[in-house]
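Here is the structure we will look at, set down as structure tokens.
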Amino acid sequence: MADDSPASHRRDPIKSSVGNVAAQRRRQNAVTVGKERRESLVRAKRLCRVGPSGDGDVPGEENDMVTDEEGFLLDAQTSSAVEDLKSAIAYQGKGAMQKRVNALRELRRLLSKSEFPPVKAALKAGAIPLLVQCLSFGSPDEQLLEAAWCLTNIAAGKPEETKALLPALPLLISHLGEKSSLPVAEQCAWALGNVAGEGEELRNVLLSQGALPPLARMMLPNKGSTVRTAAWALSNLIKGPDPKAATELIKVDVLLDAILRHLRKSDEELATEVAWVVVYLSALSNFATGVLVKSDAILLLVERLATSNSLQLLIPVLRSLGNLVAGDSHTTSTVLIPGHEITDGVIKVLVKCLKSDHRVLKKEASWVLSNIAAGSIEHKRLIYSSEAVPLLLRLLSTAPFDIRKEVAYVLGNLCVTPTGGDGKPNLIEEHLVSLVQRGCLSGFIDLVRSADIEAARVGLQFMELVLRGMPNGDGPKLVEQEDGIDAMERYQFHENEDLRNMANGLVDKYFGENYGIDE
Amino acid sequence: MEWNPETLQFLSQCFLHTLSPQPEPRHAAESSLAEAADRPNYGLAVLRLVAEPSVDEQIRQAAAVNFKNHLRTRWVPSNDLNAGPTFSPILDPEKDQIKTLIVSLMLSSSPRIQSQLSEALAVIGKHDFPKSWPTLLPELISNLQKAAQSSDYASINGILGTANSIFKKFRYQYKTNDLLLDLKYCLDNFAAHLLDIFLKTASLIDSTASSPGGGSPATLQPLFESQRLCCRIFYSLNFQELPEFFEDHMKEWMGEFRKYLTTNYPSLESSGDGLALVDQLRAAVCENISLYMEKNEEEFQGYLNDFASAVWSLLTNVSQSSSRDKLAVTAMKFLTTVSTSVHHTLFASEGVIPQICESIVIPNVRLRDEDEELFEMNYIEFIRRDMEGSDLDTRRRIACELLKGIATNYKKKVTDIVSLQIQNLLSSFATNPSANWKDKDCAIYLVVSLATKKAGGTLVSTDLVDVQSFFLSVIVPELQSRDVNGFPMLKAGALKFFTTFRGLIQKPVAFQLFPDLVRFLGAESNVVHSYAASCIEKLLLVKDEGGKARYTSADITPCVPVLMNNLFNSLKFPESEENQYIMKCILRVLAVADISSEIAGPCIAGLTSILNEVCKNPRNPIFNHYLFESVAILIRRACERDASLISAFEGSLFPSLQTILANDVTEFLPYAFQLLAQLVELNKPPISPSYMQIFVLLLSPDSWRRSSNVPALVRLLQAFLQKAPNEVNQEGRLNQVLGIFNMLVSSASSDEQGFYVLNTVIENLEYGVISPYMGNIWNVLFMRLQNNRTVKFQKSLVIFMSLFLIKHGATNLVDTMNAVQDNIFLVILEQFWIPNLKLITGAIELKLTAVASTRLICESPVLLDPAAARLWGKMLDSIVTLLSRPEQDRVEEEPEMPDIAENVGYTATFVKLYNAGKREEDPLTDVKDPKQFLVASLAKLSAHTPGRYPQIINENLEPANQAALLQLCGIYNCQIV
């Protein structure tokens, strides 16, 4: 627990010589600035257009496109629906409850009508306090359901619109408990999932208000839609970057069993949501990673990878597997032991992903391989002699940039042995020579030329191996022949000190004043 | 420093005087300021002065510069001990006040002060932003919004300029969670505002440009500058990965980007400055789309076709123009990125490649006025770009990179088209050589630049032309031209071709041209005679298969007198006085040719006269290095042939070397000591008295204080000890030598040098001479061992003890050590010798220590004593480890130590002279194989007391080492009984 923080991505400080980082496992960054590459099914925020239990009127697909005029009309209708709700709540006479439900249903209908719900109008008309009132304890299920549904779609809006839900959060959370009916709990979970998807600030509010334990308990039953929604909401809630929530989640009693059960038995849609929970658990919390690697998780992930062809499922499963390999050395040292069936299975599914047409799979599979390749010498031999190497070599010269970069880490790791202290990595000459002979050097030198500094670094590190390690002192000639000197000289005055020192150091050492004096 | 009228007065006066043309008041003011800078709140006071409207603008400007530099050294003072003097840091309260003031001050200043303050702000930002300066970004944003409302572009550009500098770190730092958090913070707060101002400015440009007359340049200029800054910020924010906001708004950005590439703005572009401004924006756009193309080509794909055609037609125009370099280069880089990407099929359709070649590549490869100017005015820079690959950002080079890029997927097509173009260029030249000479230059450039290097590094080949026939028909006529000064750029191109393809030109053909090369050394053009020298130099390095030099001394000796004469003469051309290409050629010729005394005489005269000249003001370190190498190789090779020449060399060189020593020409001292060492070694005893004068100088501790001198001095001292051991032992000199050893060995940064001195003494002097000093030597070493025992030191100590044992016997070793302290030998043995022995590296060192250790356990009574059986076993264990395991398994590299040498404000470094080098000498020539020596010695020893040693071995050696020892016994057929 001591180091239970997102593995700081900072690697050992590198001295002026080229360091040993090539042999380290790399975790994905916990912080992302890019769009989340999650398919629409698991978007961070989701509109609820069809009720969780399948009721509610199905909106016609044809009215998806809203013209300005229609939008204006919708806004006007929404304002008056909120007014109606206000008077329905004020009304205390006979049939008051039905009146409230009707008013809520009308508002919910308007908020579910199109891809672009009239959230702004609803908020302006003062919907939130009314909806909060409708969530009060003892209200009938139907009323709770409709109110939560309205809130769900308001929360799916823009950031400030999501934030408007703040007063409703305590009640939404309290309706998650076992005493609530499943449809109500599920709808509330959906609303909360949208809130959690907004960002760190709201996630922290939810966590401090105790949203996590009841959501976690919703993972336990076998009811598909409830588990799906809860898993999705949880994956939003534990996103971090603070690892605390992820650690707290894995500690919830029997949660791990539920995750494993769903991974083992569920349909692909549910397994996908659960796999995303595993992604965040393993990306953020070392503790959770430690628990997962000692369970059957890896085995189940590998089975899913082997049997499924659903991209939406394969992505989180592959990512989870990668995190488990990267995050805990237990994975490579005691689970994925070369010679065991499961290890061969992993290599096989990774090769399958490398062969796929989908670039995300190729990239993530390379990343996973790079982390396995950072393991023991036996791991390196296993990969080296597998079907992966020819595929990797081809990818290094033809694939899009982000894949080439990951591939470079794999091939680089295959050529060095782990070092304990801070000495330079030792070479595996056999691997280095054969990979260089099969033409990989130019791919690495291309990376040195790229605008990406991480890629440039792995390129330079590989060049250092070639310069130092090719037999008969052939390294410098090979590097020169591939225009490597030119590539390194680009860093002569680079702002990144580390790269500058590496490149200049290599040029000085191998191509300095005396180079060629005796040619 | 308090802010009051006196301070204002004092600072104003100082800054005024710093602008004075008179040195005295200027120096006085500078030193008062330097002194004041150490006081708290100095920076704040200077900043206030900058803000004081009543003060003269030029004073405030000087103050702003001073403020920026003050921050640079003191905001976060460097903790690098080698970086020079350390400054007292600015304290936090002062920092906070500066941070509160600077943004508004910067925005309200005049442009010159603004740019200084903006840089100062960037210095702060580099360390403090965003975590320790949370108010900066909100402050910038609110000012930006205000300025945008009033369309105040002076402020807008000031703010954008600042944002641009603080965001630059995202372009070069590693992707860590911390960095991403900072980036996320900037994106969350700034990305939307950036887009807003970008779109607002874009619509202002559109409306201005569409007004009658296309708008006034004065209105448009700040708008274009603003867009350029937005583009640079875009680049920084998008560098690490594609942020969600930018992905969501890609359409808006790309729409405007494309507009700037495809629209003309005649009212601006009609002036040179205006065109440059628009081009800068276009270049910034090209960098952005290249970034997307390289890293996010999937998301960018939808825009690719449009951009490719926009850039293509833009380039077609730009390529015809002689300025606009930066735009041409960035635009070609974009196309290069596309050509090597997964979307290279854009180039596949019929006619695309020929058109690119014709309308983009060829025009950019053609010589332009700027190239001719550079050729004339700055030959060194021209050669660097033309020959040595420093042309990364020139149009010629990038045009060729584009061709290479396209050729990765369409090699055949590119080859065919370029060959055809080359033929066309050559026939155009043929119709009118003097008017169309640039066509020929272009053809030669293409062939050379597109050649591919083959295995072996120096072998080059090309599919574009048949090298042999191209050489004969195109290059040879240039080389045989009688006029060495006509069309110098063509001559240079021809020489470059010859140099590049030297391996492919058959010896008889090349050899025939040798006199022509020698002739071109007399060309007036600096580039041409440099290339001629370089070509000769490289030809002499060509190796045939089997590694034998193709051109031997027999080949060149007949023409060496003329060649040398021309080489020395070409050093007389203006600006070639320190021409490194010529000096390198001299070095090479001296390395290959037969050095008869007829050649040696003029050469040493020529070289010493140059040496005397450069001593006055050493400028070009490369030239100087080759000069000293030339002297060294001349001495070595001439004296190898004729030892009597040595006195002639001494006669010529001594005055120069004495000048260097007497005038303390620091850059040359290490060279001078190495040459002296070389001369001493060539001498036969007795050494002449003039050397002994130098020996006295050598013993002065002052000579040793500069660390750059130390390796050369050690080398010289070794030479003296070997050649003049008796002289060394006179007049207390040995005591002085050991004093130097003492000084060097007590510091971790020079202890290795200290051991060199000591080892040389031990190796070259009789035991009787050194024995009185041994007690002292051990004391020094043990003291150091107590104070600072680095692994390096311990290894050096083991080597020294081994050498001592080999030279003077185990008994002397043990006795002299124990004389210092009872029984210390066994302590040292157990604690240092045994554990460090297995860390020894280097073949000579390994053999030395292994043999010495073997002799110790087989000869020394201390170890043969049954009481020492355990130590005996441990020692053997260590020896076996040393001998049986590969280096990387037994040696863990010592973590690098920060090296804090006692540099006395000196930056020259020691450069080893290759040709004055000392052969590594093996002190143990009689033992060939230390493994055999070990087992044979053990077998002999054990035969005296059968049964004793196997038991000790069994008890003390690691199992792996026992097995290894057994194996060795098998190999050498010896037995330990």
Side-chain angles (χ1 to χ4, degrees), chain A residues 5-11 15-17 29-36 199 241 359 397-402 405 419-424 426-427 446 450-455 457 474 476-483 485-486 489-490 492 494-499 513-514 516-519, chain B residues 168-169 171-181 183-184 187-188 237 239-245 247-248 290-291 294-299 340-342 389-390 392 408 452-459 538 541-543 587-588 591 622 625 629 888 891-896 911-912 914:
Chain A
S5 63
S8 172
H9 206 63
R10 193 169 297 138
R11 300 164 188 168
K15 310 218 177 55
S16 54
S17 58
N29 286 93
V31 184
T32 58
V33 297
K35 237 189 187 11
E36 265 190 286
R359 82 189 265 168
S397 60
T398 58
F401 172 78
D402 46 352
K405 178 172 155 186
T419 46
D422 35 23
K424 286 186 197 170
N426 292 321
L427 285 155
D446 276 344
S450 77
D452 186 284
I453 47 182
E454 312 269 330
R457 179 170 58 179
D474 279 347
K477 283 180 192 162
L478 289 166
V479 166
E480 185 182 30
Q481 204 176 304
E482 297 289 350
D483 259 353
I485 303 177
D486 162 277
E489 279 177 347
R490 287 160 199 244
Q492 198 169 5
H494 198 268
E495 299 231 47
N496 185 301
E497 190 188 354
D498 182 34
L499 291 182
E513 198 51 65
N514 287 328
I517 204 156
D518 235 12
E519 255 172 74
Chain B
K168 271 186 188 159
K169 67 169 178 179
R171 293 188 206 167
Y172 59 84
Q173 291 192 2
Y174 287 133
K175 193 189 279 186
T176 59
N177 277 335
D178 288 344
L179 186 78
L180 288 176
L181 279 174
L183 176 58
K184 201 166 155 47
L187 287 166
D188 288 350
L237 295 180
F239 192 89
Q240 295 286 344
E241 53 189 84
L242 175 59
E244 182 164 11
F245 181 86
E247 186 173 346
D248 290 344
S290 291
L291 181 71
E294 187 172 343
K295 294 174 84 169
N296 316 305
E297 108 283 336
E298 195 172 12
E299 294 80 6
T340 53
S341 76
V342 284
S390 297
L392 276 180
T408 36
T452 42
K453 289 181 175 160
K454 272 191 174 169
T458 50
L459 266 179
K538 293 281 188 311
L541 286 172
V542 174
K543 303 262 195 294
L587 167 63
R588 190 72 62 213
I622 300 177
H625 181 79
E629 286 283 11
Q888 66 264 28
V891 182
E892 264 182 46
E893 265 179 72
E894 193 182 359
E896 279 166 64
V911 187
K912 192 173 174 211
Y914 185 81

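In what follows, every heavy atom counts, from backbone to side chain, and hydrogens, waters and symmetry copies are set aside.
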Gap between atom [atom2] of [Y] and atom [atom1] of [X] - 0.5 Å precision:
| X | Y | atom1 | atom2 | result |
| --- | --- | --- | --- | --- |
| B:Q240 | A:E454 | CD | CD | 7.0 Å |
| B:K175 | A:I453 | NZ | CD1 | 9.5 Å |
| B:Y172 | A:L499 | OH | CG | 12.5 Å |

- Task: Can you sort out the partners of A:R359 under side chain to side chain contact (heavy atoms under 4.5 Å, CB included), two or more places apart, ordered by chain and number?
- Result: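 In terms of side chain to side chain contact (heavy atoms under 4.5 Å, CB included), with neighbours along the sequence ignored, A:R359 is linked to A:P400, A:D402, A:I403, B:E297, B:E298.
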
- Query: With A:S450, which residues qualify under side chain to side chain contact (heavy atoms under 4.5 Å, CB included), at least two apart?
  - Reply: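 By the side chain to side chain contact (heavy atoms under 4.5 Å, CB included) rule, A:S450 matches A:F401, A:D452, A:A455, B:E294.
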
- What pair of heavy atoms forms the shortest contact from A:T398 to B:V342, and how long is it?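 Closest heavy-atom pair between A:T398 and B:V342: O-CG1, 3.5 Å.
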
